[in-house]
Amino acid sequence: MYTFVNFFSQSFYQSNQINPIPTPPPSPTTSSTLHECTVCKASYRSKSGLTRHKTIVQKYNTRREGLYTLPLEAINEFKAQLVHVIQGKLKDHFSKSGRQTISLPCLESLFFGVFEGYIHYYNYRTGSYKCFFQGPDAYTQVANLFNNPNWGRKFFNNNQQTFVV
């Protein structure tokens, strides 16, 4: 069994400071020497550390020997089921909003069929994978992955809707 992705959340923070002028966070003096992974935002002190990280991530996205390649129909059906599970987590009241985690057991070959190329972490002990979708185009990336532009929206009566941020 493999664990699905924890891939959507966004927190909003409102400050109650007396001074309404926002001040940027202090930047480290060695910011030019830090190298950051654009996907998981992990920082490395050297370029070789970032390169090592990217090499490891590339290995996670390579099918291991003996892993089945499933038919496209099975993969598309699983994508539709994922969309259904995600939309089922979207509730129609703001008090139910916030970070949501979806865990879904599936075959490793099925997981690879859907998320190959987006896997960014693998735990050898538990056999679980993680994918990260961040940034301004994250929603579009997942929409293209699931072949469904409304994967993260749920429509209710009276023209109400909830969506993934």
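Along the sequence shown, residues are numbered consecutively beginning with 1.
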When you compare the side chain of [Y] with that of [X], does any pair of heavy atoms fall below 4.5 Å?
{"X": "Tyr139", "Y": "Trp151", "result": "yes"}
{"X": "Phe112", "Y": "Leu70", "result": "no"}
{"X": "Leu50", "Y": "Cys37", "result": "yes"}
{"X": "Lys79", "Y": "Asn148", "result": "no"}
{"X": "Tyr121", "Y": "Cys40", "result": "no"}

Query raised in the report: Does Leu107 share a hydrophobic cluster with Val85, counting links as ILVMFWY side-chain heavy atoms below 4.5 Å and allowing steps through other members?
Result: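 Same cluster.
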Report task. Count the heavy atoms of every other residue, nucleotide or ligand shown that sit under 6.0 Å from NZ of Lys47, and state whether that count exceeds 12. Result -> no
Requested in this report: May I ask you to decide if the ring planes of Phe115 and Phe146 are parallel, tilted or perpendicular, using 30° and 60° as cut-offs?
Outcome: perpendicular
Requested in this report: Specify whether Tyr122 and Tyr129 have parallel, tilted or perpendicular ring planes, treating 30° as the upper limit for parallel and 60° as the lower limit for perpendicular.
Outcome: tilted
Report task. Spell out, as yes or no, whether a donor-acceptor pair under 3.5 Å connects the side chain of Asn61 to the backbone of Ile119. Result ->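 Yes, Asn61 side chain to Ile119 backbone: donor-acceptor pair under 3.5 Å.
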Query raised in the report: Could you give all pairs that pass the salt bridge (Lys or Arg N to Asp or Glu O under 4.0 Å) test and reach residues 111-126, with sequence neighbours left out?
Result: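 Of all non-adjacent pairs touching residues 111-126, those that pass salt bridge (Lys or Arg N to Asp or Glu O under 4.0 Å) are Arg63-Glu116.
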Below 3.5 Å, can you tabulate the donor-acceptor pairs from side chains in residues 53-60 to any protein atom, sequence neighbours excluded?
from: His53; atom 1: ND1; to: Tyr44; atom 2: OH; distance (Å): 2.9
from: His53; atom 1: NE2; to: His120; atom 2: NE2; distance (Å): 3.1
from: Thr55; atom 1: OG1; to: Thr51; atom 2: O; distance (Å): 2.9

Query - Residue list, side-chain hydrogen bond (donor to acceptor under 3.5 Å, both in side chains) with Ser43, at least two apart or on another chain - result: none
